[in-house]
Amino acid sequence: MARRKPIVTIRSFGIYSQWDAEAKELPQIQEFTTRVKAELDVEFGLVVNVKRAKNQTLQYWIYHPDIPDADGQPRPPFDGEVFVRTNDWDFFLGDTIWEPIHDKLGDWRLVVELEGRVVAEKVFQLFV
């Protein structure tokens, strides 16, 4: 029998309530948008729903506007992997604004891959 293809959809994107990575609950959408006013502690990102991919791994990247490290060099994109826990699973990918705000301005591209192909992508523009 042929393996059924996973289905990945973007459920919501924009500005969210504060997220607690240790909690089971995902943050709640506050505003659907890709333009985010850069203010301290603003949480932005997207929620993807993944079906038919239990026990697979999602890879993600957050490409930021060259935020410098302690030595003034651009940091690499934030990245990681998450394990798909069920056959109908929601995943939040996002970030928040921290001091100093000026180096967070610009385009942030959030990318999610499954089985080596991009399944979700959004670009957020942070502005003052």
Side-chain angles (χ1 to χ4, degrees):
M1 186 164 116
R3 183 173 163 204
R4 294 170 58 185
K5 282 188 165 188
I7 299 170
V8 181
T9 55
I10 296 176
R11 218 172 245 214
S12 59
F13 61 90
I15 299 171
Y16 290 84
S17 59
Q18 288 296 304
W19 182 50
D20 177 2
E22 303 301 316
K24 285 186 176 184
E25 298 81 28
L26 296 180
Q28 297 298 305
I29 186 73
Q30 304 293 310
E31 179 183 351
F32 283 89
T33 186
T34 56
R35 288 183 40 83
V36 178
K37 187 168 184 184
E39 297 174 339
L40 284 181
D41 299 325
V42 168
E43 190 87 41
F44 66 96
L46 54 93
V47 171
V48 295
N49 177 257
V50 183
K51 293 184 177 171
R52 298 193 284 203
K54 184 177 179 179
N55 298 327
Q56 295 184 37
T57 303
L58 287 178
Q59 293 82 35
Y60 63 84
W61 293 266
I62 300 176
Y63 296 92
H64 52 76
D66 290 336
I67 297 172
D69 63 16
D71 297 324
Q73 298 300 312
R75 295 177 192 217
F78 306 129
D79 64 344
E81 294 183 343
V82 291
F83 187 69
V84 179
R85 298 179 187 132
T86 65
N87 275 319
D88 188 358
W89 185 65
D90 289 332
F91 169 65
F92 174 72
L93 176 61
D95 213 328
T96 189
I97 311 295
W98 68 95
E99 288 283 359
I101 291 175
H102 73 276
D103 65 6
K104 313 302 181 297
L105 304 177
D107 289 344
W108 290 64
R109 186 167 60 103
L110 282 59
V111 178
V112 179
E113 282 190 5
L114 180 65
E115 298 180 330
R117 75 180 174 95
V118 174
V119 293
E121 180 175 14
K122 276 289 178 201
V123 176
F124 295 89
Q125 181 186 35
L126 273 62
F127 68 95
V128 288

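Given the structure is predicted, the values throughout are model-derived calculations rather than measurements.
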| For Lys104 and His64, what are the C-alpha separation, side-chain angles and deciding distance, and is it a side chain to side chain contact (heavy atoms under 4.5 Å, CB included)? | CA-CA 7 Å; Lys104 313 302 181 297; His64 52 76; over 6 Å; no
| message | Checking Val8 against Phe91 for the side chain to side chain contact (heavy atoms under 4.5 Å, CB included) test, could you report, in this order, the C-alpha distance in whole Å, the side-chain angles of both residues, the deciding distance, and whether it holds? | response | CA-CA 10 Å; Val8 181; Phe91 169 65; over 6 Å; no
| task | I would like to know whether Val42 and Lys37 meet side chain to side chain contact (heavy atoms under 4.5 Å, CB included); could you show each step before the answer? | result | CA-CA 8 Å; Val42 168; Lys37 187 168 184 184; over 6 Å; no
| said: Can you classify the ring geometry of Trp108 versus Phe44 as parallel (below 30°), tilted (30 to 60°) or perpendicular (above 60°)? | reply: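 Ring orientation, 0 to 90° scale: perpendicular.
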| Residues in side-chain hydrogen bond (donor to acceptor under 3.5 Å, both in side chains) contact with Arg85, at least two apart in sequence or another chain |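 Arg85: no side-chain hydrogen bond (donor to acceptor under 3.5 Å, both in side chains) contacts found.
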| said: Once side-chain contact (heavy atoms from CB on, under 4.5 Å) is applied, do any residues pair with Asp69, and if so which ones, sequence neighbours excluded? | reply: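 For Asp69, the residues satisfying side-chain contact (heavy atoms from CB on, under 4.5 Å) (neighbours in sequence not counted) are Asp71, Gln73, Arg75.
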| field | Sequence-distant partners of Glu81, side-chain contact (heavy atoms from CB on, under 4.5 Å), two or more places apart | value |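 For Glu81, the residues satisfying side-chain contact (heavy atoms from CB on, under 4.5 Å) (neighbours in sequence not counted) are Thr57, Gln59.
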I'd like a table of donor-acceptor pairs (distance under 3.5 Å, sequence neighbours excluded) in which one partner is a side-chain atom from residues 9-19, with atom names and distances.
{"unit_1": "Arg11", "atom_1": "NH1", "unit_2": "Asp90", "atom_2": "OD2", "d": "3.2"}
{"unit_1": "Ser12", "atom_1": "OG", "unit_2": "Tyr16", "atom_2": "OH", "d": "2.7"}
{"unit_1": "Tyr16", "atom_1": "OH", "unit_2": "Ser12", "atom_2": "O", "d": "2.9"}
{"unit_1": "Tyr16", "atom_1": "OH", "unit_2": "Phe13", "atom_2": "N", "d": "3.3"}
{"unit_1": "Tyr16", "atom_1": "OH", "unit_2": "Val47", "atom_2": "N", "d": "3.4"}
{"unit_1": "Ser17", "atom_1": "OG", "unit_2": "Gln28", "atom_2": "N", "d": "2.8"}
{"unit_1": "Gln18", "atom_1": "NE2", "unit_2": "Asp41", "atom_2": "O", "d": "2.2"}

Side chains of [X] and [Y]: closer than 4.5 Å at any heavy-atom pair?
| X | Y | value |
| --- | --- | --- |
| Pro77 | Ile62 | no |
| Leu110 | Tyr60 | no |
| Asp103 | Leu105 | no |

| message | Any side-chain to backbone donor/acceptor pair from Asp88 onto Lys51? Under 3.5 Å, distance only. | response |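 A pair under 3.5 Å: no.
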| said: Show the nearest heavy-atom pair for residues Ile67 and Trp98, with the distance to one decimal. | reply: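 In this case the closest contact between Ile67 and Trp98 is CD1-CH2, 3.9 Å.
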| said: Under 4.5 Å side-chain heavy-atom separation, chaining through any Ile, Leu, Val, Met, Phe, Trp or Tyr, what else clusters with Tyr63? Say none if it is isolated. | reply: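 Direct or chained contacts put Tyr63 with Trp61, Val111, Val118.
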Please round to the nearest 0.5 Å and tell me the distance separating atom [atom1] of [X] and atom [atom2] of [Y].
| X | Y | atom1 | atom2 | value |
| --- | --- | --- | --- | --- |
| Glu43 | Ile29 | CD | CD1 | 11.0 Å |
| Trp89 | Lys54 | CH2 | NZ | 13.0 Å |
| Asn87 | Arg4 | CG | CZ | 8.5 Å |

| query | Does Ile7 share a hydrophobic cluster with Leu93, counting links as ILVMFWY side-chain heavy atoms below 4.5 Å and allowing steps through other members? | reply |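 Different clusters.
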Name every donor-acceptor pair, under 3.5 Å, that has one atom in a side chain of residues 120-128 and the other anywhere in the protein, sequence neighbours excluded.
{"unit_1": "Glu121", "atom_1": "OE2", "unit_2": "Arg109", "atom_2": "NH1", "d": "2.9"}
{"unit_1": "Gln125", "atom_1": "OE1", "unit_2": "Arg35", "atom_2": "NH1", "d": "2.5"}

